[in-house]
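Notes follow the structure.
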Amino acid sequence: MRPMPSRIPTPTPMSADSLANGSASANGSASANGSAAGSADGGSAGSAPASGSAESAGPSGSARSAGSARSTGSSGSAASAASAASAGSVRSAGSSGSAASARSSGSARSAGSARSSGSVRSAGFDLRHHGDAEVRGADAALTDLAVNVRAGTPPEWLKARIAASLDGLAAYPDGRAAREAVAARHGLPAGRVLLTAGAAEAFVLLARALPTRRPVVVHPQFTEPESALRDAGHTVERVVLDERDGFRLTPGAVPEDADLVVIGNPTNPTSVLHPADALAELARPGRTLVVDEAFMDAVPGERESLAGRTDVPGLVVLRSLTKTWGLAGLRIGYVLAEPDTVTALERVQPLWPVSSPALVAAEACCTPSALAEAANAADRMAADRAHLADRLAELAEVRVCGPAAGSFLLIRLPGAAAIRTRLRELGFAVRRGDTFPGLGPDWLRLAVRDPATTDRFVIALAKAVAESAD
């Protein structure tokens, strides 16, 4: 029997004011329904010792008596000065084991396996840690396998188009041409397109605009969707896919009454490409199905994409121009959804959210010549990914998660945290895996690079692995 994914409710964020004084506020740790709340800036009300209990904590990490909630026992019930709370509880779906147990293989984790400190955390995971943190400041000199942006981008022709747009900066941005170009690229009417300041903004808009009751995020995946939902005051439930099943979606994994479901395809960090039909089957009346396709243009033929589909009720597809075109600093992405959903998102979006240079880039990246270039890049990426996988297979200690479809590979090896540090000393930055719910300290994510860079990296990795064994 295949293992079933784990379902883990995660806490709602506590306001900064309530963290400062340790008390419950109207939007803080104790709400009208008595749910426990986590911290938006690092103090997690759902953080707990390894026993699986959950407690509300102030900045020092100590439990506060006013409005705090502590989960006791395996039932996940919580007694507090305010009322019983369930936000820190953990439930397991199926045979993957106790939901209170913590396993890096992807089975259920304790909802409060670690206390938080400093950044946005939930259940011990630093949800706001991203690959760019590995190559900031002096670390920018490292060979970058931490950020999933195609090397050698943006291309010269795109930089020239963006530079030419600077002459028009005195005028307010006009997104109509870019919106039409994106719509035409996917064979959709413009009313089904919303341009955003990167795909990350779309997650914030969804969290603020949609009146969701039971949001579910499928993990391991990009952590910003959960962060945005928590920051907007929602209690998020996790469906954690299992390593033993290749981190693939299992039928029945998502609760039937979930009214918002978020999943990546291909998924960051696992590089798993889910079948489009399997994702479409998640659609239900009254449910919003969000599919993050930020890396889909790195998949040859964009197979399994839902971007052009209009027959899936409640479907929202998110796209980014960051990865293939090297535009992370420009911030440009878009939403494809039903017109009513687009209108709802637009209402909570600031005026002129996308800059004129970013709009020019969006329009330029949708031309036939640009699409042909992206397709060629996807083919090269697939070949380079295969080379990376083949070289990694030479190391007995390394296990590659596959088959992979994205511009990165997820690997597991003992002592990965220490090896990651040694790799930095050897000149290479890689993405830590322990900030992704469902993974742990033995996981690393590697961006695909050209064969020469891969060969240099594997030599360094072999050296780091050998030294760790001594």
Side-chain angles (χ1 to χ4, degrees), residues 130-163 198-200 222 266-271 273 293-300 302 319-333 357-358 361-362 364-365 369-392 400-402 404-411 420 423-424 426-433 444-461 464:
H130 300 296
D132 62 305
E134 312 282 355
V135 288
R136 290 175 180 163
D139 293 331
L142 297 173
T143 299
D144 180 11
L145 278 75
V147 177
N148 294 322
V149 173
R150 184 164 63 103
T153 55
E156 291 301 322
W157 65 265
L158 182 54
K159 287 192 284 188
R161 288 284 298 273
I162 294 170
F222 184 51
T267 303
N268 171 22
T270 63
S271 210
L273 185 66
E293 293 191 358
F295 293 96
M296 186 60 78
D297 58 357
V299 177
E302 297 194 2
R319 284 292 187 107
S320 169
L321 298 177
T322 293
K323 321 303 179 185
T324 290
W325 297 111
L327 299 177
L330 199 58
R331 309 311 304 144
I332 178 64
C365 292
S369 60
L371 295 178
E373 182 175 330
N376 289 334
D379 289 338
R380 289 196 303 274
M381 181 73 70
D384 291 345
R385 185 180 62 239
H387 179 75
L388 175 59
D390 288 344
R391 291 303 314 273
L392 291 171
V400 179
C401 178
S407 54
F408 45 89
L409 290 178
L410 180 66
I411 67 170
R420 170 177 159 271
L423 284 171
R424 298 180 74 80
L426 296 172
F428 293 89
V430 299
R431 173 63 158 91
R432 55 190 283 197
L444 299 173
R445 191 194 69 195
L446 312 176
V448 173
R449 298 294 183 241
D450 63 90
T453 301
T454 289
D455 291 344
R456 289 193 298 111
F457 169 72
V458 171
I459 291 172
L461 178 60

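In this chain, numbering begins with 1 at the start of the sequence shown.
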Rounded at 0.5 Å granularity, tell me how far [atom1] in [X] sits from [atom2] in [Y].
| X | Y | atom1 | atom2 | answer |
| --- | --- | --- | --- | --- |
| Leu461 | Ile411 | CG | CD1 | 5.5 Å |
| Glu134 | Leu145 | CD | CG | 11.0 Å |
| Cys365 | Ile332 | SG | CD1 | 9.0 Å |
| Phe222 | Thr267 | CZ | OG1 | 13.0 Å |
| Phe428 | Ile459 | CZ | CD1 | 8.5 Å |
| Asp297 | Ser320 | CG | OG | 7.5 Å |

Name the atoms and distances for all side-chain donor-acceptor pairs under 3.5 Å in residues 369-376, with sequence neighbours left out.
unit_1 : atom_1 : unit_2 : atom_2 : d
Ser369 : OG     : Thr367 : OG1    : 3.4
Glu373 : OE1    : Trp157 : NE1    : 2.9
Asn376 : ND2    : Ala372 : O      : 3.4

Residue pair [X] / [Y]: nearest heavy atoms and the distance that separates them:
| X | Y | result |
| --- | --- | --- |
| Ala429 | Arg424 | CB-NH1, 4.0 Å |
| Pro266 | Val299 | CG-CG2, 3.8 Å |
| Ala146 | Val430 | CB-C, 3.7 Å |
| Phe295 | Ser407 | CD2-OG, 3.6 Å |
| Leu158 | Ala364 | CD1-CB, 4.0 Å |
| Ala328 | Val149 | CB-CG2, 4.5 Å |

Exercise. Assess whether side chain to side chain contact (heavy atoms under 4.5 Å, CB included) is satisfied between Lys323 and Met381, documenting all intermediate values.
Key: CA-CA 12 Å; Lys323 321 303 179 185; Met381 181 73 70; over 6 Å; no

Quiz item: Any donor-acceptor pair under 3.5 Å linking the side chain of Ser271 with the backbone of Leu409?
Solution: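 No; zero donor-acceptor contacts below 3.5 Å.
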
Quiz item: Just by distance, with hydrogens left out, do His387 and Asp450 show a side-chain donor and acceptor under 3.5 Å apart?
Solution: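 No, because no side-chain N or O of His387 sits under 3.5 Å from a partner of the opposite role on Asp450.
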
Quiz item: So, Arg431 and Asn148: side-chain donor and acceptor under 3.5 Å apart, yes or no?
Solution: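 No donor-acceptor contact under 3.5 Å links the two side chains.
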
Self-check item: With sequence neighbours excluded, residues passing salt bridge (Lys or Arg N to Asp or Glu O under 4.0 Å) with Arg331
Solution: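 Testing Arg331 for salt bridge (Lys or Arg N to Asp or Glu O under 4.0 Å), a comparison that skips the adjacent residues, returns none.
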
Quiz item: Are side-chain heavy atoms of Arg445 and Asn268 found at a separation under 4.5 Å?
Solution: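 Arg445 reaches Asn268 side chain to side chain.
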
Quiz prompt | Candidate pair Phe457 and Leu446, rule side chain to side chain contact (heavy atoms under 4.5 Å, CB included), full reasoning | solution = CA-CA 10 Å; Phe457 169 72; Leu446 312 176; 3.8 Å; yes

Quiz prompt | Sequence neighbours excluded - salt bridge (Lys or Arg N to Asp or Glu O under 4.0 Å) pairs with any residue from residues 153-162 | solution =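 Checked against salt bridge (Lys or Arg N to Asp or Glu O under 4.0 Å) - neighbours excluded - the pairs reaching residues 153-162 are Glu156-Lys159.
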
Quiz prompt | side chain to side chain contact (heavy atoms under 4.5 Å, CB included), paired with Arg449, selected from Thr143, Asp384, Asp144 | solution =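 It is Asp144; the other options fail the test.
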
